[in-house]
Amino acid sequence: MPSKSSARLAALTVAAACSAASTIVLTTPAHAESLRVHDIQGSTRISPYAGKQVTDVAGIVTGIRTYGSSRGFWIQDPSPDADPATSEGVFVFTSSTPKGVAVGDSVKVSGTVAEYVPGGNTSGNQSLTEITKPVTTVVSSGNPLPAATVVDARSVPAAYAPAGDTAANGSVNALPLQPSKYALDRYESLEGMTVRVSDARVVGATDPYTELWVTVKPHENRNRRGGTVYGSYDAQNTGRLQIQSLGATADFPKANVGDTLTGTTAGPLDYNQFGGYTLVASELGTLRSAGLERETTRKQRSSELAVATYNVENLDPTDDTFAAHAAAIVNNLRSPDIVSLEEIQDNNGAKNDGTVAADQTLTKLIDAIVAAGGPRYDWRSIDPADNTDGGEPGGNIRQAFLFNPERVSFTDTPGGDAATATGVTKIRGKAHLTHSPGRIAPADEAWKNSRKPLAGEFVFRGRTVFVIANHFNSKGGDQGLTSQYQPPSRSSETQRHRQATLVNAFVKDILDTQKNADVVTLGDINDFEFSQTTELLEGRGELWSAIKSLPRHERYSYVYQGNSQVLDQILISPSIRRDCDFEYDSVHVNAEFNDQISDHDPQVLRFRP
């Protein structure tokens, strides 16, 4: 995903966006048409005047953006028409910092109407109607601003978006807006206008880019910690809205999920590539803390094996988060017997010099765990071939096992390396791995530029437990929920489906060899518990995602754009599901907090083999 600080992409679908700063003049370009803002916006997503010159478009300046790559100002017509589908606001793109205009100015703007697609045409994002190459005349100053339009539970429909036009490859661009029927149409009908939310609950914590997510529908799929749960492709949670600020970033609130922006938050409604419709606030509500605390799971009993998965987000020896990760493992996860770690980087992190070993990274984490009062874990992993497993270039992320040798033992069967596949063999009637640790089908195209699964054979209280650590292909390249294509394309699924099929086949080999084998398949699956990826991984009963043992409102490990959702999973074989009295816990220590050390919450499974 590109950086938010990157230059504004050349993504005007009709007209180029390059222009000088707004200029104050008393004349207007020849051969241009005089229109109102709602004429320009029209009743579809694409302006009927895209690519055309317009002159003397009247409005009141409601906000000025002086930072980033999309500088300019918003104007709004104080005399709206009667059509709820036509917005009365529009963004005037000036390229550089706008000069000569102030909030409250009554202006007339002449320029070219353009449709700008944040993120570029290939992103699938909707376009933003703009006036570019502007020539601006200030008519008067100090005018009252148009009243903000309230966005609340009553005004936002429950249905998310219409099905796209099949003749346009699923695009909704040409469809008439139905703001009383679809949430995306409602937001689009307010594009560029000043909108207001009141006493809005935070459902996505403040991130480093000083933005957060709120909901205007306080009862929509709410969980007990204040988030909004994403539980199916048909329940996109229409009340979610991104909040940014027109003011100083230092003044932006550091919010956690469950907090509330009390009072009024208001400003122009924008659209950007990192979340779609965004209230760019000139007025921010006051943050009221909900006092959300990090969770702590219970300690496993002596007869229980505790297995966890934890994505530590590109951990390398230069990071300052080792003590915090160690504290999470010792205090919040209560020192599980086996921990599958994802995103362990090599010994010099993103330095791209051919280094692939990660022993220093793992040793530093183990030492930090001991310092935090935990056990001295042992570890097993396999170094990838340089720059073949995806992730940050030079980082060589991989999965690794930590295990407490006082509680479990690891069965080492040599021969596993980056390119050698482990298999299943039978010894004295029991299943065993041919290489432990070993990789599953590392040469298969399903793992191209992606992490290969790490399989290991453990023994707990005399019983063998097979553990398979995974980090499937990411969702990068998928279209967002607010895409112009509805339903949005999830192209990244193709590779995950192949990966899930391979891992399931490997588990099936184990179970065909030993029907009652205990198999735990876990990690960052990068897909939902209701997804086809999970269905393929589960197969015909070879595995079952144990997060589904939790109530629906507790099923989440990650918060993305205000949706609390599942990416990390622990799947179990039939013998564990039926006979082992298992218990599952999604331990919320990261995803809901603005000071997170990882964007993933760890998961823990306890059972009696």
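Below, all heavy atoms of this structure are taken into account, side chains as well, without hydrogens, waters or symmetry copies.
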Practice item. May I ask you to decide whether Asp270 forms a salt bridge with Arg65, counting only side-chain N to carboxylate O separations under 4.0 Å? Key: yes
Exercise for review: Taking Ser557 for its side chain and Asp568 for its backbone only, find out whether a donor-acceptor pair lies under 3.5 Å.
Suggested key: yes
Revision key, fill the gap. For Gly124 and Ser483, the nearest pair of non-hydrogen atoms, with its separation, is O-OG, 2.7 Å
Check your understanding: Hey, mind stepping through Asp81 and Thr86 against side-chain hydrogen bond (donor to acceptor under 3.5 Å, both in side chains) and telling me if it holds?
Key -> CA-CA 8 Å; Asp81 66 5; Thr86 57; 2.9 Å; yes
**Study point:** Arg45 and Asp185 ion-paired at < 4.0 Å
**Key:** yes
Practice item. Hey, can you tell me if Phe528 and Tyr230 have their rings parallel, tilted or perpendicular (30° and 60° cut-offs)? Key: perpendicular
**Study point:** Nearest atoms (heavy-atom pairs only) where Thr265 meets Ala281
**Key:** CG2-CB, 3.9 Å
Practice item. Locate the shortest heavy-atom distance separating Ser123 from Pro118; write the atom from each residue and the value. Key: OG-O, 3.4 Å
Check your understanding: Does Asp105 use its side chain to pair, donor to acceptor, with the backbone of Val61 at less than 3.5 Å?
Key -> no
Check your understanding: Just by modelled atom types, is the Gln345 backbone N or O under 3.5 Å from a matching donor or acceptor in the Asn396 side chain?
Key -> no
Review point. Would a distance-only check, ignoring hydrogens and angles, find a side-chain to backbone donor-acceptor pair under 3.5 Å from Glu313 to Asp599?
Key: yes
**Study point:** Glu343 (side chain) donor-acceptor with Asn314 (main chain) under 3.5 angstrom
**Key:** yes
Check your understanding: Is there a side-chain contact (heavy atoms from CB on, under 4.5 Å) between Leu241 and Val197 once you walk through the steps?
Key -> CA-CA 10 Å; Leu241 188 63; Val197 299; 4.1 Å; yes
Point to revise | With Tyr271, the side chain to side chain contact (heavy atoms under 4.5 Å, CB included) member among Thr278, Thr129, Leu128 | key: Leu128
Exercise for review: Answer yes or no: is there a side-chain heavy-atom contact under 4.5 Å between Val113 and Lys52?
Suggested key: no
Review point. Does NZ in Lys475 sit with more than 12 non-hydrogen atoms of other residues, nucleotides or ligands closer than 6.0 Å?
Key: yes
Exercise for review: Give the C-alpha distance, both sets of side-chain angles, the deciding distance and a yes or no for side-chain contact (heavy atoms from CB on, under 4.5 Å) between Ser155 and Arg186.
Suggested key: CA-CA 8 Å; Ser155 64; Arg186 172 62 173 162; 3.8 Å; yes
Study note, to complete from the structure: Here the pair of heavy atoms bringing Gly391 nearest to Ile397 is CA-CD1, 3.9 Å
**Study point:** Any donor-acceptor N/O pair, Arg288 side chain to Asp199 backbone, under 3.5 Å
**Key:** no
Point to revise | salt bridge (charged side-chain N to carboxylate O under 4.0 Å, His left out) involving Glu592 - partner list, sequence neighbours excluded | key: Arg225
Review point. Between Gln126 and Tyr277, is a side-chain hydrogen bond (donor to acceptor under 3.5 Å, both in side chains) present by the stated rule, with each step listed?
Key: CA-CA 10 Å; Gln126 295 187 49; Tyr277 294 102; 2.9 Å; yes
Practice item. Please confirm whether the backbone N or O of Gly267 pairs with a side-chain atom of Arg196, one donor and one acceptor, at under 3.5 Å? Key: no
Revision key, fill the gap. Closest heavy-atom pair, Ser245 versus Leu284, reported as atoms and distance to 0.1 Å, is OG-CD1, 3.9 Å
Exercise for review: Using the test ring pair (Phe, Tyr, Trp, His ring centres under 6.0 Å), find all partners of His38 that sit at least two apart in sequence or belong to another chain.
Suggested key: none
**Study point:** Check: Phe274 main-chain N/O paired with Gln242 side-chain donor or acceptor under 3.5 Å
**Key:** yes
Exercise for review: Answer yes if the ring centres of Tyr233 and Phe530 are under 6.0 angstrom apart, and no otherwise.
Suggested key: yes
Practice item. Answer yes or no: is there a side-chain heavy-atom contact under 4.5 Å between Leu287 and Leu261? Key: yes
Point to revise | Backbone N/O of Asn311 and side chain of Ser598: donor-acceptor pair under 3.5 Å | key: yes
Revision key, fill the gap. Test side chain to side chain donor-acceptor pair (under 3.5 Å), reference Asn594, set Asp207, Thr206, Asp259, Asn256, output is Asn256
